[in-house]
Amino acid sequence: MRDKYDFTAIESKWQKIWEEENAFKTYDDFSKEKYYVLEMFPYPSGKLHMGHVRNYSIGDVVARFKKMAGYNVLHPMGWDSFGLPAENAAIKNGIHPFTWTNQNMNDMREQLKSLGFSYDWDREVATCKPDYYRWMQWIFIQFYKKGLAYKKDNPVNWCPDCQTVLANEQVVDGCCERCHTPVTKKHLSQWYLKITDYADRLLNDLDNMPGWPEKVKAMQKNWIGRSEGAEVTFAIDGFDKDLVVYTTRPDTLFGVTYMVMSPEHPYVAELTEGTEYEAAVKAYVEASAHKSELERTSLTKEKTGEFIGRYAVNPVNGKKVPIYISDYVLMDYGTGAIMAVPAHDQRDFEFAKAFGLDIIPVVDVPDVDLDNLTEAAAAEGTMINSGDYTGMNNKEAIVKITADLEAKGLGHKTINYKLRDWLISRQRYWGTPIPMIWCEKCGWVPEDEHNLPVLLPTDVEFTGKGESPLTTSKTFRQCKCPKCGGDAEREIDTMDTFLDSSWYFLRYCDAHNEDAPFDPEKVNYWMNVDQYIGGVEHAILHLMYARFFQMVIHDLGLAEAEEPFNNLLTQGMVTKGYTDKDGNYIKAKMSKSLGNVVSPQEIQAKYGSDTARLFILFAAPPEKELDWSDEGVEGSYRFLNRVYRLVYEYINDIRGDQTSFPEPVVQNEADKSLNFMINATIKKVSEDAGGRFNFNTAIASIMEFVNEMYKYKQHSEMNLPLFNKAIETLLVVLNPFTPHITEEMWSQLGHEDRLYAKSWPKYDESALVKDEVEVIVQINGKLKDKLLMPNNSSKEATQEAAAGLSKVKEATEGKQIVKVIVVPNKIVNFVVR
RNA sequence: GCGGACGUGGUGGAAUUGGCAGACACGCCAGAUUUAGGUUCUGGUGCUAACGCGUGAAGGUUCGAGUCCUUUCGUCCGCACCA
């Protein structure tokens, strides 16, 4: 054994041994209790960053700990390997996306192995490989057959830079989430998945998911955006069709002073055709169509609109009110038209002010001057100016008015969601081909399931412009209709890559199945994922799509589980402070543009993987932000050196050739306190690493243990069997965090077995019972003195001993003791006056 | 505006059930080792000269509050013209 901690040699040695020994291969042993720990698989960009290291270090500790604790652990890794960067690299450098992606997967796999993560690489999946996307296509066809996939001509979000459509979830602040170009609307025929059919289930399940962070659940609830209200029918004066609006406030119907339709509303052209208003309305409609999402939703924007020359008839009082169009009304929510109540809705209030329209209050809101409104009074109150409803509480009025409308056939209760169906077509090459065929005679027909996969063609050109690159293939598009056998054409769009990642956790359960996406028996054994770990940036997109897929797969009878992830841990960002141009110290996410990036490779080269893992787990609790600190890394490295030296000196200077020891016997006070530490550390690490996932405090307790062992080592009469036990315990409990160094020292101690295969130690409760305990003595709740008492002394004895303390006598002298609180083994509190 | 989280030393953070606030680490200070620097080891380190005071602020419940309740201020994150 070398006297210096040579992490480079140690780490490569053990990584090789683990590989040779198939240390982390997982078997489908249904008789054992399972534990499925999953980290979000990466996009193979080619390089790991600190965020990855943190994500996977957390997962690895959990996996190694649960394995030692006796579970059959599934801990897989794979690649979310379809996506734009590969295609962009192809356009730029002329490399085929697969070549580029494959190289990156190889590079990153090596980096993951160099960090000592305990993955079962035999279950690796890559979404870009035909053996995976074949089943992606199969699943898509099942969706189609169930009526959950459809093609529709719709205005869609279009990114002019990426030259592709985007799902609503991929539009951030009106811009493309990837390239930040303002998104425009375009009419295109596109494939959708009917996620809206599952809106209620996606929402309701959230209330029964205690293992998920509140924040993520709140974000999903918000996104689904359930709203209860009513549809109300207004007649349009001199027009044969009615104007239906959605409102959450039917109680304010008597306050309607005008109506607003979205510029895209289908009636607009018809209602204005041939009238003096036609030209102005047309101009407004065109102007809104050309505006980007960003311009239309800008907060600071003044309300704009046009009167269309028509009037609607209020169903509750027959009053005629003017109809406007304005882009503050969205076509794809509700009915695309609203009744405007400026007195009680802020947006309507602003519009009414801008256009000089009437403001009629119909709900008397407490503490609001209804005659001089400066903003809309949206709160609850008592109905006024509302015919028979006047005097009612407005919440009761909502129910009553809705019921009355329904009785007259002029309205009904309804529920609306913000959630839209999921647009999944992408005009790109590097994705799963949508396995659908267009036949002039039969319409859309799914590819015959026996012909899957529909392979991506290789004879394509990458220009980055216009339609999907698949159109440039000479062989891909032409095919036969699976139904009638006639000439037909394949769909040339590919799938959003978020589909690929919506079921990969199921494929891990049975990664090489060639007859099905997975064997339900295996899935039913391994699922649910017990612990899912990843970044909060996936709170909505990935985590909701995956839940949706799991529900559909359940409904298809392919799996028992309806929700995929029992527990979710969203790890915090890795930040690093930097000094800006004004000399301010700022913490920010590591990024190239800020120049505050620390690469895992440089840390591994300087300190080794064990130090990198230890620091990242020790510096902060996993869900909190972690600020990178070079001094902190030094500290972790120092600790591992301390451990190394402790064991080295033990082997060389203390233990000699002796390698087997009898069961230790505790002989004196020093032994007793070391034995206490051995057991207290096992207990603490078991609870913190196994249950709470507070790795920082688990590591802190191991550090205390090491400090204690150094102290013990200093005194001359060492109890060798006991010290040996302490050393061995240290290596076992430290192993999940820093697997290489501990494995090396374990074998240096002369052991033939491996720590990775060892059982987690049990602690001896009796060793944690002390003979004497420290009791806090307080006067009026303030600490005055401490008292050493035999363990489990009676209340009376404790109080008596406390009362005898000179500090207590002084403090109570001449005062009346009103009350004494005694909690045995803990505290005595004298209440004096 | 709506929703979520948080506020503790110079710093990262402990305090799991209402019971010694500041574990562990970083940094800093002193000493030992060393030719010296570094490494390593030992000790100290919330504030205060001290009585005491201290968990963003104010109030409350309690024998006792970082922890529970009320009010308030501040920070971070997500959503937002969704009728």
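This one's a predicted model, so the numbers in the text were calculated from it and none came from an experiment.
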List, with names and distances, any nitrogen or oxygen atoms from the protein found under 3.5 Å away from nitrogen or oxygen atoms belonging to nucleotides 13-15 of chain B.
{"unit_1": "B:G13", "atom_1": "O3'", "unit_2": "A:Asn696", "atom_2": "ND2", "d": "3.4"}
{"unit_1": "B:A14", "atom_1": "OP1", "unit_2": "A:Asn696", "atom_2": "ND2", "d": "3.2"}
{"unit_1": "B:A15", "atom_1": "OP1", "unit_2": "A:Arg692", "atom_2": "NH1", "d": "3.2"}
{"unit_1": "B:A15", "atom_1": "OP1", "unit_2": "A:Arg692", "atom_2": "NH2", "d": "2.9"}

Determine the Euclidean distance between corresponding [atom1] atoms of [M] and [N]; express it in Å to zero decimal places.
| N | M | atom1 | value |
| --- | --- | --- | --- |
| B:G10 | B:U48 | P | 9 Å |
| B:U55 | B:G7 | C1' | 9 Å |
| B:C68 | B:G19 | C1' | 14 Å |
| B:C69 | B:U17 | P | 14 Å |
| B:U72 | B:C2 | P | 13 Å |
| B:U8 | B:C53 | C1' | 15 Å |
| B:G37 | B:C76 | C1' | 43 Å |
| B:U39 | B:A49 | P | 32 Å |

Considering all heavy atoms of both residues, which atom of [X] and which atom of [Y] are nearest to each other, and what is their separation?
| X | Y | value |
| --- | --- | --- |
| A:Val232 | A:Pro315 | CG1-CG, 3.7 Å |
| A:Val598 | A:Met50 | O-CG, 3.4 Å |
| A:Tyr710 | A:Arg642 | OH-O, 2.8 Å |
| A:Gly255 | A:Val362 | N-CG1, 3.5 Å |

| said: For A:Thr335 and A:Ala700, find the nucleotide of RNA chain B closest to each by heavy atoms; which residue's nucleotide sits nearer the 5' end? | reply: A:Ala700
| query | Closer to the 5' end of RNA chain B via nearest nucleotide, is it A:Arg420 or A:Asp627? | reply | A:Asp627
When you measure from the side chain of [X], which nucleotide among [options] comes out closest?
| X | options | answer |
| --- | --- | --- |
| A:Lys711 | B:C79, B:G43, B:A5 | B:G43 |
| A:Ala218 | B:C79, B:G19, B:G4 | B:G4 |
| A:Thr247 | B:A83, B:G3, B:G27 | B:A83 |
| A:Asp327 | B:C81, B:C79, B:C77 | B:C81 |
| A:Glu214 | B:A5, B:A25, B:C20 | B:A5 |

| Only one of A:Tyr258, A:Phe349, A:Tyr324 clears ring pair (Phe, Tyr, Trp, His ring centres under 6.0 Å) with A:Phe355; which? |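 By the ring pair (Phe, Tyr, Trp, His ring centres under 6.0 Å) criterion, A:Phe355 pairs with just one of A:Tyr258, A:Phe349, A:Tyr324: A:Tyr324.
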Look at [X] together with [Y] and state whether they make a salt bridge at an N to O cut-off of under 4.0 Å.
| X | Y | value |
| --- | --- | --- |
| A:Arg226 | A:Glu228 | yes |
| A:Lys221 | A:Asp207 | yes |
| A:Asp251 | A:Arg249 | yes |
| A:Lys353 | A:Glu350 | no |

| task | Go ahead and write out RNA chain B as dot-bracket, 5' to 3': ( ) for pairs within the strand, [ ] for ones crossing earlier pairs, | when the partner sits on another strand, dots for unpaired; Watson-Crick or G-U wobble, both distances under 3.5 Å. | result | (((((((..(((......[....)))((((((.......))))))((....))..(((((..]....))))))))))))....
| said: Is the ring pair A:Tyr644/A:Tyr648 parallel, tilted or perpendicular, if the boundaries are 30 and 60 degrees? | reply: parallel
Within the 4.0 Å heavy-atom criterion, would you say [X] contacts the bases, only the backbone, or no part of the nucleic acid?
| X | value |
| --- | --- |
| A:Ser629 | nothing |
| A:Gly635 | sugar-phosphate |
| A:Gln346 | nothing |
| A:Lys217 | nothing |
| A:Asp348 | nothing |
| A:Lys826 | sugar-phosphate |

| task | Report the C-alpha distance between A:Lys713 and A:Glu649 in whole Å, list the side-chain angles of each, state the deciding distance to 0.1 Å, and finish with yes or no for salt bridge (Lys or Arg N to Asp or Glu O under 4.0 Å). | result | CA-CA 10 Å; A:Lys713 198 158 75 84; A:Glu649 286 167 13; 2.7 Å; yes
Pull out every protein N or O sitting under 3.5 Å from an N or O of nucleotides 36-41 of chain B, one pair per line with the distance.
{"unit_1": "B:U40", "atom_1": "O3'", "unit_2": "A:Arg645", "atom_2": "NH2", "d": "3.0"}
{"unit_1": "B:C41", "atom_1": "OP1", "unit_2": "A:Arg642", "atom_2": "NH1", "d": "2.8"}
{"unit_1": "B:C41", "atom_1": "OP1", "unit_2": "A:Arg645", "atom_2": "NH2", "d": "3.1"}

| field | Short side-chain to backbone donor-acceptor contact, A:Glu687 and A:Lys684, under 3.5 Å | value |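 Not confirmed, A:Glu687 side chain does not pair with A:Lys684 backbone.
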| remark: B:G22 glycosidic conformation (syn if within 90° of 0, otherwise anti) is anti
| message | Check this one for me: any side-chain N or O of A:Tyr328 less than 4.0 Å away from OP1 or OP2 of B:A83? | response | no
| task | Compare side-chain N and O positions of A:Ser227 against OP1 and OP2 of B:A83 and report whether any pair is under 4.0 Å apart. | result | yes
Using whole Å, report how far [atom1] of [X] lies from [atom2] of [N].
| X | N | atom1 | atom2 | result |
| --- | --- | --- | --- | --- |
| A:Phe639 | B:A23 | CZ | C1' | 15 Å |
| A:Lys589 | B:G78 | NZ | P | 11 Å |
| A:Met544 | B:G78 | CE | P | 17 Å |
| A:Leu614 | B:C24 | CG | C1' | 12 Å |
| A:Arg249 | B:A83 | CZ | P | 12 Å |
| A:Leu203 | B:G3 | CG | P | 15 Å |
| A:Ile224 | B:A80 | CD1 | P | 14 Å |
| A:Trp628 | B:U11 | CH2 | C1' | 17 Å |

| No-hydrogen, no-angle side-chain donor-acceptor test under 3.5 Å, A:Thr304 and A:Tyr284 |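 A:Thr304 vs A:Tyr284: donor-acceptor pair found between side chains.
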| Distance-only polar pair, side chains of A:Tyr246 and A:Ser227, donor-acceptor under 3.5 Å |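 Yes, because at least one side-chain N or O of A:Tyr246 sits under 3.5 Å from a partner of the opposite role on A:Ser227.
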Expected rows: protein N/O vs nucleotides 63-67 of chain B N/O, under 3.5 Å:
{"unit_1": "B:C63", "atom_1": "OP1", "unit_2": "A:Lys819", "atom_2": "NZ", "d": "3.4"}
{"unit_1": "B:C63", "atom_1": "O2'", "unit_2": "A:Asn829", "atom_2": "ND2", "d": "3.0"}
{"unit_1": "B:C63", "atom_1": "O2", "unit_2": "A:Asn829", "atom_2": "ND2", "d": "2.7"}

| message | Once side-chain hydrogen bond (donor to acceptor under 3.5 Å, both in side chains) is applied, do any residues pair with A:Tyr650, and if so which ones, sequence neighbours excluded? | response |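 Result, side-chain hydrogen bond (donor to acceptor under 3.5 Å, both in side chains) vs A:Tyr650: A:Asn724.
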| request: Give every residue pair that meets the salt bridge (Lys or Arg N to Asp or Glu O under 4.0 Å) criterion with at least one member in residues 690-701 of chain A, sequence neighbours excluded. | output: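 For residues 690-701 of chain A: A:Asp688-A:Arg692.
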| said: Check this for me: A:Asp653, atom CG, are more than 12 non-hydrogen atoms of other residues, nucleotides or ligands nearer than 6.0 Å? | reply: yes
